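A short write-up of the structure that comes next.
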Amino acid sequence: MDIQTSQVTHQPSPRESLESQLSCPICLEMFQKPVVILPCQHNLCRGCASDLYDSRNPYHYSGGIFRCPTCRFEVVLDRHGVYGLQRNLLVENIIGIYKQQTESGGGEVVGNVADPPMKDKDTKEPMCTEHEDERINIYCVTCQTPTCSMCKVFGQHKDCEVSPLQSIYDTQKAELRNAVDLLAAGNSCVQAVMAQMEDTCKSIEENSQLQKRRLGESFDLLYAILEERKGQLLEKITQEEERKLGLLRSLVERYTEQLQASINLKEKAAQTMEKGNAAEFLISGKELIAQAKEAAKGSNLERPEPGFENMEHLTLCTEDVEVILYQMGFGLGDDDDDVVTEEEEEEEEEEEE
């Protein structure tokens, strides 16, 4: 008699699946705080990211690059290195909940989030303001507010459409999670623009210093004649530098305030999502969703035009300087037009004779 054997495929448990999602692709261990999120939305331990960054950029004095080990996306870092990457507080919180449940022997972790913790017997559930002995256990869809069964049967919500608390809780929690994701993406964009502006400020300062040095060298050759003019042109370079730096720094200051407000809102939302009580969450969840969505809309950033840091238009030209000495400028057409060269003076004298 033929005996047929079948190969049994091991299906990973929900706990194993979650551990796989919370594992660093470099060290293959569960993420160690702090966890950083890359622009491609993949996560790394900051220590592992630092090791990977150092191995690719041994002389990273002003930034560098490395590739995401998961999708090979090229990550460009500024002079802050991996410390300029945003921390993924959501993943850190999930890891904390997971470890806490594992150590205490709590409920099984399913999917990407843990099961809601068991209610503490001493936890006081929200009660209905109209019926003090009734706890809030349903949600009025029409009025968009949590309420109790007595209000539905006899009270002000008797003609309204209602739904179970858990259903609305799950829906609004998912909406808040999506809004938090939008906030995280917006924060990453703001941080990238701020880092770019910092580099642009540095380039403007370096270019300005370079132009000042070139200008000084040019005037040193003609010091006796050009000393007064030298001061005027130096002032123009300084004004251009201050104008550009002032514009960028005002933008950086504005985006810093915007980023801080967004981070605070994100942390508040993350704390709210950790609440296991549906009614307690729904009391403040809707307002947080609106705030998060409104904050996410403000991620359109004003940026300087390409080449804004360029100062080449202030380069000094010294060709034929003997002829145009008193008409020397940056080629902007804003110098005095009433200066006469020696050749023009000779031509005028010949015409008079």
Side-chain angles (χ1 to χ4, degrees), residues 39 57 59-65 74-81 83-84 189-259 299-348:
N57 305 273
Y59 305 106
H60 46 85
Y61 297 111
S62 59
I65 62 174
E74 186 175 87
V75 181
V76 180
L77 300 180
D78 59 10
R79 62 177 179 273
H80 300 297
Y83 291 91
C189 184
V190 172
Q191 288 178 329
V193 172
M194 291 177 61
Q196 181 182 4
M197 288 185 176
E198 290 179 359
D199 294 338
T200 302
C201 288
K202 182 179 179 181
S203 297
I204 291 175
E205 293 172 347
E206 292 175 351
N207 292 336
S208 177
Q209 293 301 320
L210 175 62
Q211 297 303 326
K212 288 181 179 181
R213 179 177 58 81
R214 289 177 178 176
L215 185 63
E217 292 174 354
S218 299
F219 272 93
D220 286 340
L221 298 176
L222 303 170
Y223 181 81
I225 302 175
L226 304 177
E227 185 61 26
E228 182 178 356
R229 190 61 173 165
K230 173 184 175 181
Q232 296 175 356
L233 297 180
L234 280 173
E235 181 63 22
K236 291 184 179 181
I237 293 178
T238 302
Q239 290 176 356
E240 182 71 358
E241 176 189 3
E242 293 177 351
R243 183 184 69 83
K244 291 187 175 182
L245 290 178
L247 175 60
L248 288 178
R249 284 170 177 164
S250 65
L251 290 176
V252 170
E253 181 179 358
R254 188 175 72 189
Y255 294 158
T256 299
E257 296 176 355
Q258 177 182 340
L259 178 62
S299 60
N300 293 330
L301 304 175
E302 179 183 354
R303 310 185 188 187
E305 298 178 357
F308 182 76
E309 73 280 4
N310 198 324
M311 304 283 283
E312 291 295 325
H313 60 287
L314 300 179
T315 302
L316 183 67
C317 177
T318 59
E319 295 180 2
D320 300 325
V321 66
E322 296 82 3
V323 179
I324 61 171
L325 183 62
Y326 293 101
Q327 295 178 333
M328 189 182 307
F330 290 122
L332 300 178
D334 57 352
D335 295 334
D336 296 335
D337 295 328
D338 56 352
V339 180
V340 181
T341 64
E342 294 180 359
E343 292 182 356
E344 292 175 345
E345 290 179 350
E346 292 177 357
E347 292 177 358
E348 291 178 357

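Model, not experiment: these values are computed from the prediction. Numbering starts at 1 and runs along the sequence shown.
- In this structure, Glu198 CD and Thr200 OG1 are separated by 10.0 Å, a value rounded to the nearest 0.5 Å.
- Rounding to the nearest 0.5 Å places OG1 of Thr256 at 10.0 Å from CD of Gln191.
- Taken from CZ in Arg214 to CG in Leu314, the straight-line distance is 11.0 Å, to the nearest 0.5 Å.
- Remark: Gln232 pairs with Glu228, Arg229 by the side chain to side chain contact (heavy atoms under 4.5 Å, CB included) rule, at least two apart or across chains.
- Legend: residues meeting salt bridge (charged side-chain N to carboxylate O under 4.0 Å, His left out) with Glu240, ordered by chain and number and at least two apart, are Arg243, Lys244.
- Annotation: side chain of Lys212 is not in contact with side chain of Leu215 (no heavy-atom distance under 4.5 Å).
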* Pair Lys236-Leu233, side chain to side chain contact (heavy atoms under 4.5 Å, CB included): steps then yes or no -> CA-CA 5 Å; Lys236 291 184 179 181; Leu233 297 180; 4.3 Å; yes
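- Distance check, rounded to the nearest 0.5 Å: SG of Cys189 to OH of Tyr255 gives 9.5 Å.
- Within the model, atoms CE of Met311 and CD of Glu205 stand 10.5 Å from one another, a figure rounded to the nearest 0.5 Å.
- One side chain, Glu241 or Ser208, offers a donor N or O that lies under 3.5 Å from an acceptor on the other.
- Within 6.0 Å of CD in Glu312 there are more than 12 heavy atoms belonging to other residues, nucleotides or ligands.
- One distance of note links CE of Met197 with CG of Leu251; it measures 4.5 Å at 0.5 Å rounding.
- Enclosure of atom OH in Tyr83 is not indicated, since only 12 or fewer non-hydrogen atoms of other residues, nucleotides or ligands lie within 6.0 angstrom.
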